[in-house]
Amino acid sequence: MSFLRRRSVTPAGPDFDVLAMDPGDWPGNLGAGLLPAPDGSCQGVFLRYDLFGGRGPAMIIGNLPDGSPAREVPEGEIPFEVAQLLLALENDEEITVVGAEDVPVMQGDNLLIVRRLKLSESRISCVQFDRSDGVLVTIAAWDRPITDDLYALLKPLPAELFQQG
């Protein structure tokens with residue numbers, strides 16, 4: 001996946017390409033969050049897609065590079081993006097990972113090995129895959145399944161989207 005490479009020049013935002021759905025392709029509201037490290041580097045980016053008219057997000061897509069503390073999740077605990085989804089939905093139920101399955105999925109000409117996480121809350125769908133540049137992508141959706149069609153919509157977003165102006 002040659003387009004998923006580390007940038008050689010560090011922008012004001014993350015120093016890696018963020019793979020997500022283009023905001024112009026999404027009919028609802030979009031919010032983005034950066035996870036800063038104490039040294040000012042970016043430890044991850046998550047995008048919140050809201051289709052429900054302010055009643056909570058439909059989906060959160062996270063991009064966490066190697067070394068990001070948000071990737072360090074104990075066995076059976078939910079990924080960072082699922083926790084952010086629950087927080088945004090003001091849902092304080094105790095949710096755990098009860099299983100996982102690896103599934104091959106094509107994204108254009110590239111084969112992804114996608115981990116589908118099964119959670120104790122059946123209304124949450126969650127998948128993860130590793131990119132060729134070491135970034136872990138996690139997609140968490142509320143009350144809607146994540147289908148293979150979604151992977152065709154994922155693309156690197158322009159760095160300008162995350163620069164501070």
Are [X] and [Y] in one and the same hydrophobic cluster, where Ile, Leu, Val, Met, Phe, Trp and Tyr link if side-chain heavy atoms are under 4.5 Å apart?
X      : Y      : result
Met59  : Leu112 : yes
Leu117 : Leu136 : no
Leu153 : Leu157 : yes
Leu19  : Tyr49  : yes
Val103 : Ile146 : yes

Please examine the side chains of [Y] and [X], heavy atoms only from C-beta on, and report whether any two atoms are closer than 4.5 Å.
X      : Y      : answer
Leu154 : Ile61  : yes
Gln128 : Val114 : no
Val18  : Pro156 : no
Leu64  : Leu35  : yes

Would you please name every residue forming a side-chain hydrogen bond (donor to acceptor under 3.5 Å, both in side chains) with [X], sequence neighbours left out?
X      : answer
Glu77  : none
Asp102 : none
Asp148 : Arg116
Arg115 : none

>> Suppose the criterion is side chain to side chain donor-acceptor pair (under 3.5 Å): which pairs have a residue in residues 32-44, not counting sequence neighbours?
In response: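 Side chain to side chain donor-acceptor pair (under 3.5 Å) check on residues 32-44 returns Asp39-Ser41, Ser41-Gln43.
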> Got a sec, which residues hit side-chain contact (heavy atoms from CB on, under 4.5 Å) with Ala32, two or more places apart in sequence or on another chain?
Replying inline: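 side-chain contact (heavy atoms from CB on, under 4.5 Å) check on Ala32 returns Leu47, Phe162.
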>> Once rounded to the nearest 0.5 Å, what's the spacing between atom CD1 of Ile124 and atom NZ of Lys118?
In response: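 Spacing of CD1 (Ile124) from NZ (Lys118) equals 14.0 Å.
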>> Evaluate Cys126 against Ile139 for side chain to side chain contact (heavy atoms under 4.5 Å, CB included), listing each step before the verdict.
In response: CA-CA 6 Å; Cys126 183; Ile139 304 169; over 6 Å; no
> Taking only residues at least two apart or on different chains, which pairs with a member in residues 76-117 satisfy ring-ring contact (aromatic ring centres under 6.0 Å, His included)?
Replying inline: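 Listed by first then second residue: Phe46-Phe80.
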> Taking only residues at least two apart or on different chains, which pairs with a member in residues 86-107 satisfy ring-ring contact (aromatic ring centres under 6.0 Å, His included)?
Replying inline: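 Passing the test, one end in residues 86-107: no pairs.
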> Do the charged groups of Arg131 and Asp17 touch, with an N to O distance under 4.0 Å?
Replying inline: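 Asp17 and Arg131: not salt-bridged.
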> Closest approach of Cys42 and Phe16, non-hydrogen atoms and distance?
Replying inline: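 The answer is O-CE2, 4.0 Å.
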> Any idea which heavy atoms bring Leu150 and Met21 closest together, and the distance?
Replying inline: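 Closest pair (atom of Leu150, atom of Met21, distance): CD1-SD, 3.5 Å.
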Table please: side-chain donor-acceptor pairs of residues 81-99 below 3.5 Å, with sequence neighbours left out.
{"residue": "Asn91", "atom": "OD1", "partner": "Glu93", "partner atom": "N", "Å": "2.9"}

